[in-house]
Amino acid sequence: MIGEDCLNPKQLEAARHVDGPLLILAGAGSGKTRVLTYRIAGLIADHGIPPFEILAVTFTNKAAEEMRLRVEDLAGQAGRYVTVATFHSFCVRVLRNEAELIGYPRSFTIFDESDQLAAVNRALRELNLSKDVYKPSAVLNMISDAKNELLTPAEFAAKDAWQKSIGGIYAKYQQLLTDNGSMDFDDLIMQTVRLFSERPEVLAKYQERYRYIMVDEYQDTNHAQYMLVKLLADKYRNIAVVGDDDQSIYTWRGADPTNILEFEGDYPDAKVIKLEQNYRSSANILEAASGVIANNRGRKKKTLWTDKDKGSKVLLYNAESEREEASFVVKEIERLVVAEGRKLSQFAVLYRMNSQSRSVEEVLLKDGIPYRVIGGLKFYERREVKDVLAYLRFIVNPHDSVALSRILNVPKRGIGDTTEEKVMAISQERGCSMWDAARQFGSTEKNAERSQRLVGAFVRMADSLISSKGSLKLGDMIEKILEDTGYYKSLKEDDSLEAEARLDNLRELVSVAREYEARQNMAAKAMDEGIESGSVLRDGNTRPDPKDIDPFLEEVALLTDLDRTNFAEDSVCLMTLHSAKGLEFPVVFMVGMEENVFPLSRSLYEPKQLEEERRLCYVGMTRAKEKLYLISAAYRLLYGTPSSNLMSRFVNEVPKDVLECLNPGGAPMWRTPGRDYASGRWSRPENAGQGARQGGEGGYSEPRRQGYPKGAGNSQGFAGSNGGREGFRAGDKVSHPVFGTGTVVNVAKTAGDTVVTVAFEGQGVKRLALSFAPLSRK
DNA sequence: CGCGCCGGCCTTTTT
DNA sequence: GGCCGGCGCG
Ligand SMILES: Nc1ncnc2c1ncn2[C@@H]1O[C@H](COP(=O)(O)OP(=O)(O)OP(=O)(O)O)[C@@H](O)[C@H]1O
């Protein structure tokens, strides 16, 4: 039997469960994903279930790929025929076959965030609404929330007055998308649910096809995804979900952990299995993480134990600045490589925000250590790359008006806003696409001669691009675009450093296209030999061709940085805590362990959000197998302004006996005695005593570095507390004649002043300019 | 009518 | 540190 020697009795019990609903609710590192993998293999090898009847949904494409490979290892070739996908890639697969039934072309395009923003902006313009009142990104979030809740514009508008106006934008936005033959990310799920709800015969087909359904990371599913699973599993009820409510870190995008908590309510006959042994982390790390998460209220308490050694304690380092924080991390990596013979791929640096990668990157670069940054400004989001992708999309579907309006004047060809507006007006008047409107532009009177000429030239150029579709391999097509549109020329004429970087990126894009051609060729060959391609995204119906453009665009839309990362490469990994979910590393550095950074300032006063931050901390800590470092900086640039913050409350929640401070008294914040967080208590008696050294400027163990602001000693609040108006620091109790008493949460120096952020009791958080505000220390 | 420059504004996490 | 809007010039 599969798994007998590799699973503990509980895990085995779960893996051997065949028919009926199954819930595995268990803590980090307890082998949930492993059980799912073994279960799939067992269903195939031990129970003779046809692999193509199995659907496994994972959180990332990378996880899907890994799971499929593991299943192949365990169950052999048959493993290839299991469908392992993310919700999004699974839905794309379904919709590529069925979209026409719900009024979309099967070749619908997938909007990314910038396309979405463009569409919202256009909707606002057409409705004559102001961007200042309706902030496009906020509107987009609300539309996304609505879609995750499966609410149509009409349903959404039915709520209240404010929603009514947003509902109008949502309706317009949706109209633009459908007219364009496009879906956004949320549509992929919502439209699939709609398809299954409106077309019972289609649903039945997929229910028959996928009789065994498994969902990993179920705590982070949203309502739409929940409904999708519910519909698919409704007939055979062979639904297995695994997850951990303590690792729910995506509620901000609609994920709802009650999906997992109420699974037993949905399926009263569900078999429920709890896994309690952690196989990943050393005992000290596990105890530290458990100590932190224990501070959340209303969670399902879980036991988690390990038979591993205690290992090293969780190591805390208090840097003075962001720069020193980065130097410490890199020095420590270098030290461990030598002292313990570790490889670079064993290290991960985790942070709350993508912007935090910069400082670490700079030092890694300086020391010549190979590294990879996952996430952040992605290659495919760079302007020049997006421009080329828009050309490709336009070539695939000239009636994609969002793509057209992006490329109409790129590179600059004298077709400005006014002319674009005119083209758009024609398309609205005649109810045609912008491409049709552009073609007719010449025959429309009243247009200036100049713009007629320019639009005419564009149309001819675009026509020639379209006509070479199908005869050029993707890489050649991109080269042609860059030549014919004058994109290359315009960049080569500009000899700035930036243009040089753009050219590099475009060359990179061409080589990515060449790799794609090679993959298409291989997949075609495999298909001829009757072998499933094994790719997460392929539908297995059409013969892949290096000249195809759509599959490339789909890859770009659905694959994230993480999915493209080759973890076998020997380099240090830098990523956000969110991206690290589900991964594991022997050595983990968590940087930016400060209030206002982690937990992030905007979640400090919102208990729900604060708990999500804490779960994120739990996720981060439990990624570490052997060594975990928590690092903070007493001073850093935050959103461009210098700030000094208190030590993260999460550090103080780590049980003291498993925490070791590497530089006791190393940075001022550590020695802040008796200060409390807005919500309450913290005191570290063993450190309070060191406060004695804090008053004097000379107390620093190291001389100030360049990155340090002049005069920081006073204005930043590092100097002694003499009760004066200068030197407020985070944590200070202050009073204000109007707002009453409060606690300083942040001190930031701006151009000519110091801005103090204070949480006033019962008054909320205020930002005050120190030079004006009559603040006094309490 | 188009384009480039400057100054002010906001700044989370991602399939 | 990046994006958008306003303004002035060609
Ligand atoms: N029975 C076992 N014997 C040996 N190793 C195991 C066993 N079960 C799990 N592991 C190992 O423990 C680690 C964590 O497993 P897995 O990723 O499946 O846990 P998880 O519960 O999905 O974790 P998380 O929720 O934190 O992402 C993996 O390295 C896995 O190989």
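Only a predicted model underlies this, so the values are computations on that prediction, with no experimental measurement involved. In what follows, chains carry the letters A, B, and so on, assigned in the order in which the sequence lines appear, proteins first and then strands, with residues in each chain numbered from 1.
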Spacing of CZ belonging to A/R96 relative to CG belonging to A/D550, to within rounding of 0.5 Å: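 Here the rounded value is 6.5 Å.
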So, using side-chain contact (heavy atoms from CB on, under 4.5 Å) as the criterion, who are the partners of [X] when residues are at least two apart?
X      : answer
A/Y170 : A/I143, A/A146, A/K147, A/P153, A/F156, A/Q174, A/M190
A/V423 : A/M434, A/A437, A/A438, A/F441
A/I415 : A/L408, A/N409, A/R413, A/T419, A/L454, A/V455, A/F458

I'd like to check the salt bridge (Lys or Arg N to Asp or Glu O under 4.0 Å) partners of [X]; sequence neighbours left out, ordered by chain and number.
X      : value
A/R253 : none
A/E384 : A/R502
A/D220 : A/K581
A/E613 : A/R352

Length of the line joining A/R636:CZ and C/dG1:P, which is rounded to integer Å: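 Rounded to the whole Å, the gap is 15 Å.
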Sugar-phosphate, base or nothing in reach of A/T419, heavy atoms under 4.0 Å: sugar-phosphate
Salt bridge (charged side-chain N to carboxylate O under 4.0 Å, His left out) contacts touching residues 598-608 of chain A (sequence neighbours left out): none
At a cut-off of 3.5 Å, list every protein nitrogen or oxygen paired with a nitrogen or oxygen from nucleotides 3-6 of chain B, distance to 0.1 Å.
from  : atom 1 : to     : atom 2 : distance (Å)
B/dC3 : OP1    : A/G414 : N      : 3.2
B/dC3 : OP2    : A/N409 : ND2    : 3.1

Set out, line by line, the N/O atom pairs under 3.5 Å between protein and nucleotides 7-10 of chain C.
none

Which residues share a ring-ring contact (aromatic ring centres under 6.0 Å, His included) with A/Y250, sequence neighbours left out: A/F59, A/W252, A/H578
Sugar-phosphate or base contact per nucleotide [nucleotides 8-15 of chain B; S, B, -; heavy atom under 4.0 Å]: ---BBBBB
